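Since the structure is predicted, the reported quantities are computational estimates derived from the model, not experimental observations.
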Amino acid sequence: MQTPYPDLRHYTTRDYGNRVGAYRLLTLFGKLGLRATFAIQGAVAERYPALVRDVVADGHAVCAHGWDTDSLHHSALPADLERSYIDRTLDALSAVTGRRPDGWISPARAEGFQTPARLAAAGIRWFADWAHDDLPTAFHTEAGDLTALPLSNELDDWQILIAHARPEQEWVTQVSDAADWLLAEAAAQSSPRLLTLTVRPYVSGLPYRVKALRESLANVLNRPECGSVSPDDLTAG
């Protein structure tokens, strides 16, 4: 937050995403026949259980997104405290969804050196804090193996539309260009590529942006070479 407590300007901006924007995205995903993965924090599961249940009822996957953005993971964090963040988050989500998540994205995608091992020990199978490749990467820890699913910072709606203040149509073009290049690489090398797109309800769920999101998604999904792939498909076996 950037202004003094209670900082209603920023709080209500994000609350709009939970109350309005998220449902615009659910409607859009339903029309496109798209199954998405919703990264949900433990605090959100406690405060907005109805929203989480609606996400699951629409057939979408849920991955854990840490407890809240004030509870960051880093190497100076005491081991017991980090484990409590992880367990508390997983417990809160499983209480609402009826299923313990096996995927994880850290708040701010921040990690300590021991975070992957502690996630594995808690039953996490995949995490998406690393942006170092276009393909899933095997992580081996003393507590078990994980799969790192690549999650690009560069096509992130907040990064492009807010941080870089680029117009929505430019974002649509960037997503299309990324799809073109990755498909060409995949064909040339006979190896798949993974195109990831992070969208936030309080950013892309706004009425003047959701059209650009629809155009971006439809542009990719309508290509015969593309298909919807879930994290479970990528990490199976």
Side-chain angles (χ1 to χ4, degrees), residues 1 6 10-73 77 80-111 115-116 118-129 144 146-147 149 151 157-158 196-205 210 228-236:
M1 299 296 99
H10 289 93
Y11 176 82
T12 57
T13 294
R14 285 156 178 75
D15 195 41
Y16 181 93
N18 293 325
R19 294 166 58 85
V20 181
Y23 287 94
R24 282 203 183 104
L25 298 189
L26 287 173
T27 299
L28 174 61
F29 295 159
K31 289 179 178 179
L32 293 174
L34 177 66
R35 180 174 177 262
T37 297
F38 281 72
I40 299 176
Q41 295 182 333
V44 172
E46 282 195 350
R47 296 178 187 181
Y48 300 90
L51 172 58
V52 179
R53 286 192 289 266
D54 288 342
V55 166
V56 174
D58 275 9
H60 301 289
V62 168
C63 79
H65 194 22
W67 180 251
D68 62 23
T69 310
D70 284 333
S71 305
L72 297 181
H73 297 252
L77 194 66
D80 289 345
L81 183 55
E82 181 165 41
R83 292 190 187 100
S84 74
Y85 286 166
I86 295 169
D87 291 339
R88 188 182 180 193
T89 299
L90 298 178
D91 289 345
L93 287 166
S94 61
V96 178
T97 66
R99 178 183 177 185
R100 196 171 178 85
D102 61 4
W104 178 277
I105 301 175
S106 297
R109 295 169 65 182
E111 284 188 5
T115 302
R118 290 167 186 159
L119 292 174
I124 295 297
R125 295 175 55 229
W126 64 268
F127 67 124
D129 294 339
L146 293 167
T147 299
L149 295 184
L151 187 59
D157 62 352
W158 190 92
T196 58
L197 185 62
T198 299
V199 298
R200 294 167 177 76
Y202 75 89
V203 176
S204 290
V210 71
S228 298
V229 181
S230 74
D232 289 339
D233 297 328
L234 290 167
T235 57

For Ile86, does its backbone N or O pair with a side-chain atom of Arg118 as donor and acceptor, under 3.5 Å?
-> no
Specify the closest pair of heavy atoms between Ala64 and Leu90, including all atoms of both residues, with the distance to one decimal.
-> CB-CD2, 3.8 Å
Applying side-chain contact (heavy atoms from CB on, under 4.5 Å), run through Cys63 and Trp126 and close with a yes or a no.
-> CA-CA 9 Å; Cys63 79; Trp126 64 268; 3.7 Å; yes
Other residues, nucleotides, ligands: >12 heavy atoms within 6.0 Å of Arg47 CZ | no
Specify the closest pair of heavy atoms between His73 and Pro107, including all atoms of both residues, with the distance to one decimal.
-> CD2-CD, 3.8 Å
Reported CG-to-OG1 distance for the pair Leu146 and Thr115, which is rounded to 0.5 angstrom = 11.0 Å
For the pair Ser204 (side chain) and Pro201 (backbone), establish whether a donor and an acceptor sit closer than 3.5 Å, ignoring hydrogens and angles.
-> no
Rounded to the nearest 0.5 Å, the CZ atom of Phe38 sits from the CG atom of Leu93 at a distance of 13.5 Å
Could you pull out all residues at least two apart from Glu111 that satisfy side chain to side chain donor-acceptor pair (under 3.5 Å)?
-> Trp130
Between atom OG1 of Thr37 and atom CG of Leu149, what is the distance when rounded to the nearest 0.5 Å?
-> 8.5 Å
Between atom OG1 of Thr89 and atom CD of Glu46, what is the distance when rounded to the nearest 0.5 Å?
-> 9.5 Å
Does Arg83 pair with Asp80 as a salt bridge, N-O distance under 4.0 Å?
-> yes
Distance-only, no hydrogens or angles: does the Asp102 side chain make a donor-acceptor pair with backbone N or O of Arg125 under 3.5 Å?
-> no
What distance separates Asn18 CG from Thr12 OG1, expressed to the nearest 0.5 Å?
-> 12.0 Å
Looking only at heavy atoms, what is the nearest atom pair of Leu34 and His60, with distance?
-> O-CE1, 3.2 Å
In terms of heavy-atom contacts, does CZ of Arg109 have more than 12 from other residues, nucleotides or ligands at under 6.0 Å?
-> yes
Between Tyr48 and Asp15, does any side-chain donor sit less than 3.5 Å from a side-chain acceptor?
-> yes
Can you check whether Asp129 reaches Trp104 side chain to side chain, under 4.5 Å on heavy atoms?
-> yes
Would you name the heavy atoms of Tyr202 and Thr13 that are closest together and state the gap between them?
-> CB-O, 3.3 Å
Looking just at side-chain N and O atoms, do Ser71 and Asp68 make a donor-acceptor pair shorter than 3.5 Å?
-> yes
Answer whether the closest heavy-atom distance between the side chains of Phe127 and Ser106 falls below 4.5 Å.
-> no
Tell me, with the steps shown, if Leu72 and Tyr85 meet side-chain contact (heavy atoms from CB on, under 4.5 Å).
-> CA-CA 9 Å; Leu72 297 181; Tyr85 286 166; over 6 Å; no
Heavy-atom pair with the smallest gap, counting every atom of Val55 and Val62 | CG1-CG2, 4.2 Å
If every non-hydrogen atom of Val96 is compared with every non-hydrogen atom of Pro49, which pair is closest and at what distance?
-> CG1-O, 3.6 Å
About how many Å separate OG of Ser84 and CG of Leu77, when rounded to the nearest 0.5 Å?
-> 7.5 Å
